[in-house]
Structure formats: C-alpha cells, structure tokens
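Some notes on the structure that comes next.
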Amino acid sequence: MDKLHEALRRHFGYTSFKKGQEEIVKSVLEGQDTVAMLPTGGGKSLCYQLPGLLTDGTVLIVSPLLSLMEDQVQQLKMRGEKRAAAYNSALTHQEKEYILKQLHRLKFLYISPEALQSEQMVRRLQTMKISLFVVDEAHCISQWGHDFRPDYSKLGDIKKKLGSPVTLALTATATEETLKDISRMLGLNEVRYLIHSVDRPNIALHLEEVQDTAGKNERLIELVRKLQGPGLVYCPTRKWAEELAGKIAEETRMRTEFYHGGMDAGDRMLIQQQFIRNQLDIVCCTNAFGMGVDKPDVRYVIHVNLPQTIEAYMQEIGRAGRDGKQSVSILLKAPGDRGIQEQLIQTEALTRQTIDFLYEKLADVRDERGARESLEQSGLTETQARHFSHLFFKFRHLGNKARELIYQEMDFRRQQKLNKMAGFAQITESKGCFREGLLSYFNETLSAGKSGNTACCTHCGLNLEDYETKGDHPFMNQLTAWEEELDTIFAASRDRIC
DNA sequence: CGTGTAGCCCGTAAGGGCTACACGGTGCATTACT
C-alpha cells in the first residue's frame, strides 16, 4: 500500500478513493494549482482535507453558505478533528476574537468571501503558513462574482496577498467558459484542469411544451400524482413555489412544502432536513434550494419555467438520482417563458443615462463602502449598489472608457447566458437528442454506448410511464419502523429544546 | 413579459368586465433598536 492509501485508510477509514479524488489529491500535493470537477456527493471535501493533513500549515476554505461551513466543521469535529472552525457573521464578537487568537492552531478554516475581505483577518493570515487555498462550489465565482456577490471576484487579490498558496477550485458543474473564468478570476497561471463529463446517464431528459401557465400547473399536478417520488419542483418565483405547494398538497394529499430565500433560516433548515429524512414527498422551491443538500434518492426534478442559465439547469436536474438509479428531469415550457427571467435580469440592470449620472455622483467617493451608501441613497437596490460600486472601482482608472465598460458588464453577461438556455429549450422543435444538445454547451459529445438507451430523452424514445409509482402504496417513502422510532426521539428532544 | 389585484364603471342591485398598476431570485454582513 502506498503512502497516500495508507493515509486515506488511517484518517478516513477508506481503502480506496472515489472516482477522481486521487488525481486531485496528488495534483495539489505536487504543488499544482488545480481546477477540478467532481460529481456532487463524490467526496469533494476529502480532496482538500487529506492533503491538509499531510502537509504543514492551515487549509483555508472559501465557502458560499454559512450552513455549508457549519456542516463541514461539524463533520470534521465528529471525526475527531478539533482544529477546524468557521469564521463568519454567525459568530459573536467574542467568538470572532477567539478564533483570530487561535488562528495559527487551526488546520481547517472555513470562511465566506465577504469575511475574507476583513483586513484584520488578512493580516493575521499573512503571518501564517497557508498550505492550501480552496474555493468550494467554485462555479459561484463565475455565477455570482460578477454582480450578486462581487467579493467572489476579489479572491484573486486575496490569494496574492497571502503569498499565492497552492490553490484548488472545486465544482460539480461548469462549462469550459466558466472554468476559464474561474482560473482568470483567481489569477491562476499554470493551472491543471481535472475535468470529467457532466453527463448523468441515469437522469432521463424530458422537455414538454404546454399552452400557458394554467396548462403548466395542470400538467404538473398530473405528473406529481403519477411519478414516483420524492421529487423537486423548481419555480421561477417565491409566490409560484408557495402556491404550487399548496395546490399539490390539497389535490394529491402528498406531503408537500415550499422553500425559498424569503423564509427564515430555521424554516429553511427544517424543510431541508425533512426532505432529506423522507418526511416530505415534494418540495416546491426557487433556485435557493439545493446547495449542500445531499439526498441520494430524489427520483424526479421538474422545472415549471426556464432556469436562467444552462449551468443552473444542470445543477438543478443533477439533484436527482445521486444513488445512480433511474430518475427523470422534466422541463415544462410555454411560449412566453423568457419573460420572467428577462425581467429579473432587467430589474438589476441600469440604463446608460443612470450609469452616466451615478458615475458623476461617485467622483469624490474614496472607498466602496461610501460608494454603496451613496448609491443606495440614490434609490438603487442593495444588489445594484454593490454591483455598480464594484465595477466603478474596477474601471475608474481607465477614464473615459470606464463608463462604456460598466455599461457592457451590467447588461450583457447574464442576457447571453439566458439566451443559451432558451436556445437549448428550442431543441424540442428539432428531432435531435436532448442529451447531445445539452452536452454540446459543455463542449462534450455523448460517449459511446448510448444507442438503444431509451431512458435518454424524449426524442430517444423515453417513456414517462417507466417513472410512475408502482405497487400498492399510494405514497412513497413510508417510514420503516426504526426510522419512525428515531423520529419520535428527535421530536422529543426538539420539543425539549424549544 | 405575464400574472394577480385594486378600484372603477355600470346603475333596480349585484357582480361581471374593464383598466391601471405593482411585482418578480440567488446570500453575505451589519446596524441600532426593543
């Protein structure tokens, strides 16, 4: 047994790596900046935890969600690794101070891109040895870094300030364009790409045209009534998710809940846990749902509207069938589908005149914080203000060209991504294979062995009846005896806490 | 762009029909207050 496998066994208790892990571990241990794709549930955290344990210094992990950080830290602690902590706004003043003091003793530090902007934190990190700089869910850099969470685009600078430690960016789904964007934004030069196919052969692809919104809702009820669950229904708006959940619950009596970013953290956590523990049949959600939800047996994912990007679509349908069993994804489309997404993009966009006006207004502003305040006073939303001030400071040194660049950045990027998604959805008008069409956006071709696979897509002879509930029980996921018992225990302890 | 709703008209009154208008996703952090 070589050293690596020996360490794998000793620290994690595994005798072999999962697909793709070993390459990634070796790559970073060789000191190579690496951008890697690994299927969700494929054991991403091991890819930095094992190298971290085998080298001196601290592993710094940038993570997009507070809940993900908490999960990871807890898992490490449960495995007996106490030198792990998360640093973010969920902490009190005292806790933050404590972590800053103990920083050099940590093996794994999880942090949000925003918290990593803190000068105090950076100064402390500069005095330490960072063995590995990790960006988890690295597609967020490209997906959010340009507008929604600009601090993601500043990770490259931070990395440099920390003396450019070995960097590892991890994601499950990214087009070639996104992978390049990630490397560029992180300022990686000689980067090694460890890529696998984004294809998930056990997820059948079905697209279906309906008349209008009423038609979608009607068809959806029909589908969830028949399909074997559990399932996810992705909706474009919070309201739609709530109404659908109500309607499904009423008409099918299946255990249905909704989930979106407007709910408080406790409710969100509860729904997520219930879904994972098979106490719900269906969750109607917005794009807020999914990251960090590692449920193996989701049998279908239905979209009642176009997602905004192909990558979002991939991520979302990819939540089905993690156990490798046959699952199905269904996109219900209707003529005016682009409308909502277009509008969502537009509400954050600014006109040329507004940009000119605001550009003048910011002339004397010194820092981003001041800029944001001033912009919000001018009536911009929080997101708009952050986006604009980010672009302002990025381009202002270019003088006259700056405004034009800001204008282009604000308008086009997201529009283009939506165009591609809408372009893909038009595939129903051809006779082509959906899977081939979809993979082409990732510069992939369908690997051999597909012929005769009727579970591929609508145009390859997919039969939705194969995904319907069979057997006597109208509801899936009847709890087994021990699960029920466990539940009573949990419920009891929950009551005590409340 | 599409949907839902508030408010108006009509005028036996009630409620149907119309127009105008608002609204729409993703999460970090931070603040001053009860």
Side-chain angles (χ1 to χ4, degrees), chain A residues 62-70 86-93 95-96 110-121 136-137 139-155 210-217 234-244 258-265 268-269 284-293 303-309 311-313 315-316 333-349 368-370 372-373 376 381-387 389-390 413-415 417-418 421-422:
Chain A
V62 179
S63 170
L65 301 183
L66 302 181
S67 59
L68 284 184
M69 295 184 226
E70 266 166 50
Y87 185 89
N88 53 46
S89 65
L91 303 178
T92 63
H93 247 310
E95 287 169 328
K96 282 186 182 176
Y110 289 83
I111 193 162
S112 64
E114 287 82 5
L116 198 46
Q117 296 303 307
S118 145
E119 274 185 40
Q120 196 187 8
M121 177 53 90
D136 197 12
E137 307 286 355
H139 58 276
C140 294
I141 296 178
S142 183
Q143 184 189 319
W144 286 343
H146 297 285
D147 40 54
F148 183 52
R149 291 176 70 179
D151 288 334
Y152 256 110
S153 70
K154 293 169 187 156
L155 293 179
V210 289
Q211 278 282 305
D212 50 20
T213 304
K216 283 181 180 180
N217 289 342
Y234 275 97
C235 305
T237 65
R238 295 172 176 182
K239 202 171 165 192
W240 200 334
E242 290 192 14
E243 283 171 2
L244 257 187
F258 59 85
Y259 181 107
H260 57 64
M263 300 158 62
D264 71 57
R268 290 175 63 164
M269 187 66 79
C284 298
C285 57
T286 62
N287 55 353
F289 189 84
M291 251 199 290
V293 178
H303 284 86
V304 298
N305 205 88
L306 290 183
Q308 232 175 61
T309 69
E311 277 145 310
Y313 178 59
Q315 291 258 352
E316 287 159 7
K333 50 175 258 182
D337 265 5
R338 276 185 68 133
I340 294 175
Q341 300 297 9
E342 199 107 35
Q343 211 42 44
L344 282 172
I345 293 171
Q346 278 308 308
T347 48
E348 293 298 331
E368 283 215 32
R369 208 182 158 135
R372 279 186 217 171
E373 251 169 52
E376 282 192 52
T381 65
E382 190 201 341
T383 313
Q384 283 177 317
R386 210 178 21 242
H387 187 188
S389 75
H390 166 63
R413 187 184 305 277
R414 305 178 71 196
Q415 200 74 43
K417 292 203 163 196
L418 177 58
M421 183 65 225

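Side chains are part of it too, since the values below use all heavy atoms of this structure and drop only hydrogens, waters and symmetry mates.
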Please identify which of these residues, A/Thr213, A/Leu244, A/Val210, meets the side chain to side chain contact (heavy atoms under 4.5 Å, CB included) condition with A/Val304.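 Going through the options one by one, the only one that passes is A/Leu244.
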Checking A/Gln384, A/Glu382, A/Arg386 against A/Glu376 for side chain to side chain contact (heavy atoms under 4.5 Å, CB included), the one that qualifies is A/Glu382
Only Watson-Crick and G-U wobble pairs with both distances less than 3.5 Å should count. Give DNA chain B in dot-bracket notation, marking inter-strand partners with |. ((((((((((....))))))))))..........
Rounded distance (Å) that lies between atom [atom2] of [N] and atom [atom1] of [X]:
X        : N     : atom1 : atom2 : value
A/Lys333 : B/dC1 : NZ    : C1'   : 17 Å
A/Gln346 : B/dG2 : CD    : C1'   : 15 Å
A/Glu243 : B/dG4 : CD    : P     : 7 Å

Taking the [atom1] atom in each of [N] and [M], what is the distance between them to the nearest angstrom?
N      : M      : atom1 : result
B/dG25 : B/dG4  : P     : 14 Å
B/dA13 : B/dC9  : C1'   : 14 Å
B/dC10 : B/dA14 : C1'   : 11 Å
B/dT30 : B/dT26 : P     : 22 Å
B/dG11 : B/dT5  : C1'   : 24 Å

To the nearest 0.5 Å, what is the distance between SG (A/Cys140) and OH (A/Tyr152)? 4.5 Å
How long is the straight-line distance from CG of A/Leu155 back to CD1 of A/Ile141, given to the nearest 0.5 Å?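 Between A/Ile141 CD1 and A/Leu155 CG, I get 5.5 Å after rounding to 0.5 Å.
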By side-chain hydrogen bond (donor to acceptor under 3.5 Å, both in side chains) - contacts of [X] (at least two apart):
X        : answer
A/His139 : A/Thr171, A/Gln315
A/Glu342 : A/Arg338, A/Gln415
A/Lys333 : A/Thr428
A/Arg238 : none

Other residues, nucleotides, ligands: >12 heavy atoms within 6.0 Å of A/Gln211 CD: no
How does each nucleotide of nucleotides 24-34 of chain B score, in 5' to 3' order, for protein heavy atoms under 4.0 Å: base (B), sugar-phosphate only (S), or none (-)? BBBBSS-----
